[in-house]
There are 2 protein chains.
Amino acid sequence: MGAAPGLLTLTAAPAVGVARWATLAGRWRERIVAGDWPSGAAIPPETELAREAGVALGTARQALSALVSDGLLERVHGRGTFVTRGLAQASMLRFFRFGPADLPDTPGATPVPHSRILARRPVRASTEQARRLGLADGARVLRVRRMRLIDGRPVLLETLWLPLPLFEPLAVLAPTDWDDLLYPMYSRRCRVTIVRAADELSFGALDAAQARALGLEAQAPAVRVEREAFDLAGRCVELRTTLGDARAFRYRAEIR
Amino acid sequence: MGAAPGLLTLTAAPAVGVARWATLAGRWRERIVAGDWPSGAAIPPETELAREAGVALGTARQALSALVSDGLLERVHGRGTFVTRGLAQASMLRFFRFGPADLPDTPGATPVPHSRILARRPVRASTEQARRLGLADGARVLRVRRMRLIDGRPVLLETLWLPLPLFEPLAVLAPTDWDDLLYPMYSRRCRVTIVRAADELSFGALDAAQARALGLEAQAPAVRVEREAFDLAGRCVELRTTLGDARAFRYRAEIR
DNA sequence: AAGTGGTCTAGACCACTCT
DNA sequence: GAGTGGTCTAGACCACTTG
């Protein structure tokens, strides 16, 4: 049923009820996920893609647009279409304003805080963590604790959980060799591209040790950020919990 | 220079350096803002718009798409294209989870909290407020204080400032006649459509009176939400400050 | 000048909604 | 079945970037 309508089914998709551009987008998404089109590189020009796929230019463009709005591709007028290098500035400083009472949002002006790795070792994922990472119960993950500092002053405490076959290179990396920005480091050392993240914010209080580490009084009010970060394939590949002084918390949310 | 290239300049736009679809989008935006195409109503079909404007169908569709992503229009396959009725669910409950330890996000399931107007009277806008509302210094605004309750329990305290010629109908409305949802009420009583809002979140502590009103201990930790809301024309027409128990605070932010 | 993405045309046909 | 938006075609030309 739904047999080949013509001579060749090599080019366009036979899928029923699915727009041709959606089928194309899916096919090209696979090539990106597989690394066939590597991160940061240009993909073939629109005209060539359209010709290869046997569709009109407009149809190919619609497929590309879908991948752009999914954050997998970036178009640059006159230069080409590129596979995303992933998030660079998903900084937790989106949620906090440290330093001398900042002026209104000036991203880019804010310096990247220094990172100090406190501990990192393989552990068993909890049931909940395994579920969120899409792993088997009790799977091995790398647990990382780090502190983030601005001008030498501790401002954030973080704990991360990273699936372990995937992030093996980091399990053996000396704490002093870790970069301040993790996502570009994931990309370089583990071939993991972070495309999307979801942050869940809540309020709590610091315990004695946490407060001491951040130079605050015990029971100081704190904001907790629980992050899930996703790769090109849409898999959750990082869990992270960040703690910071609630009095430095400031965040702008747009509706619509 | 750059004079009319043909016989008639009645239809397409002569603007240089601006895409034709952008010009059309601007023209149609004006009709929406002016109320020429009223809120909630269907606009003429694409084919008619394209014919009127003297452009190809694809060009008209691109202009409409721009207005859709700006939140001014909504398309419904098979039915038509409609001017937005504005935000209905910009509820502050996006930021708080009250009641019996809610399950993961189930919007729509959360009930609309009841609204009790505590006070409303015309005042002079502060310099800062006037600036943000785009008004002259010391302009008249309606200041409204209200409490929001869930199952009769006070959970949020709000203060609003509304520009006064515009919101005059509310200045004389009996406190008991106010609706629980403000934005549909703005639309009905003042012909103001709220399309977009920006919320600035920060952390603080409740003073004695505020804590008493919310049934919390003095100095209880609080989250403060400072909102600016915008109408179809992109003008800021509402300032609002909301206070709630920080321990009920929970918010999910997506990156990219 | 060559190569890329962006805009635009003038059609055709399909999918959905309502009466 | 009539009317709407959604998809698709096969071209053309424009705007931007780079050698």
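Computed from heavy atoms alone, side chains included, the values below leave out hydrogens, waters and symmetry copies. Labels below follow one simple rule: chain letters A, B, ... track the order of the sequence lines, proteins then strands, and each chain is numbered from 1.
The interatomic distance linking B:Leu57 (CG) with D:dT7 (C1') rounds to 11 Å, in whole Å. Computed from coordinates, the B:Phe82 CZ to D:dT4 P distance equals 11 Å when rounded to whole Å. Between B:Glu46 atom CD and C:dC8 atom P there is a gap of 16 Å when expressed in whole angstrom units. Taking atom CG of A:Leu73 as the reference point, atom C1' of C:dG5 lies 13 Å away to the nearest angstrom. Rounded to a whole Å, the NE2 atom of A:His77 is 8 Å from the P atom of C:dT7. The interatomic distance linking B:Leu49 (CG) with D:dG3 (P) rounds to 17 Å, in whole Å. Per the geometry, CD1 belonging to B:Ile43 stands 15 Å off C1' belonging to D:dG3, to the nearest Å. Put simply, CH2 on B:Trp21 is 10 Å from C1' on C:dG6, counting in whole angstrom units.
Counting only heavy atoms from C-beta on, B:Val55 has its side chain closest to C:dT9 among D:dC8, C:dT9, D:dG6. With C:dC16, C:dG5, D:dT7 as the choices, the nucleotide that has an atom nearest any side-chain atom of A:Gln62 turns out to be D:dT7. Residue B:Pro45 has its side chain nearest to D:dT4 when only D:dT4, D:dT7, C:dG5 are considered.
Of the side-chain N and O atoms in A:Arg79, one or more sit less than 4.0 angstrom from OP1 or OP2 of D:dT18. Within the structure, a side-chain polar atom (N or O) of A:Arg20 is placed less than 4.0 Å from OP1 or OP2 of D:dT9. The side chain of A:Arg61 places an N or O atom within less than 4.0 Å of a non-bridging phosphate oxygen (OP1 or OP2) of C:dG6.
A:Arg188 and A:Asp179 are joined by a salt bridge, as a carboxylate oxygen and a charged side-chain nitrogen come within less than 4.0 angstrom of each other. Under a 4.0 Å N-O distance rule, the pair B:Arg75/B:Glu46 qualifies as a salt bridge.
Across all strands shown, A:Thr47 has no heavy atoms under 4.0 Å from either base or sugar-phosphate atoms.
Using a 4.5 Å cut-off on side-chain heavy atoms (C-beta onward), A:Glu74 and A:Val68 make no contact. The side-chain heavy atoms of A:Leu201 and B:Arg250, taken from C-beta on, include no pair separated by under 4.5 Å.
Below 30°, between 30° and 60°, or above 60°: for A:Tyr186 and A:Tyr183 the angle between ring planes is between 30° and 60°, a tilted geometry.
Mapping A:Gly78 and A:Thr59 onto DNA chain D via the closest heavy atom, the residue that lands nearer the 5' end is A:Thr59.
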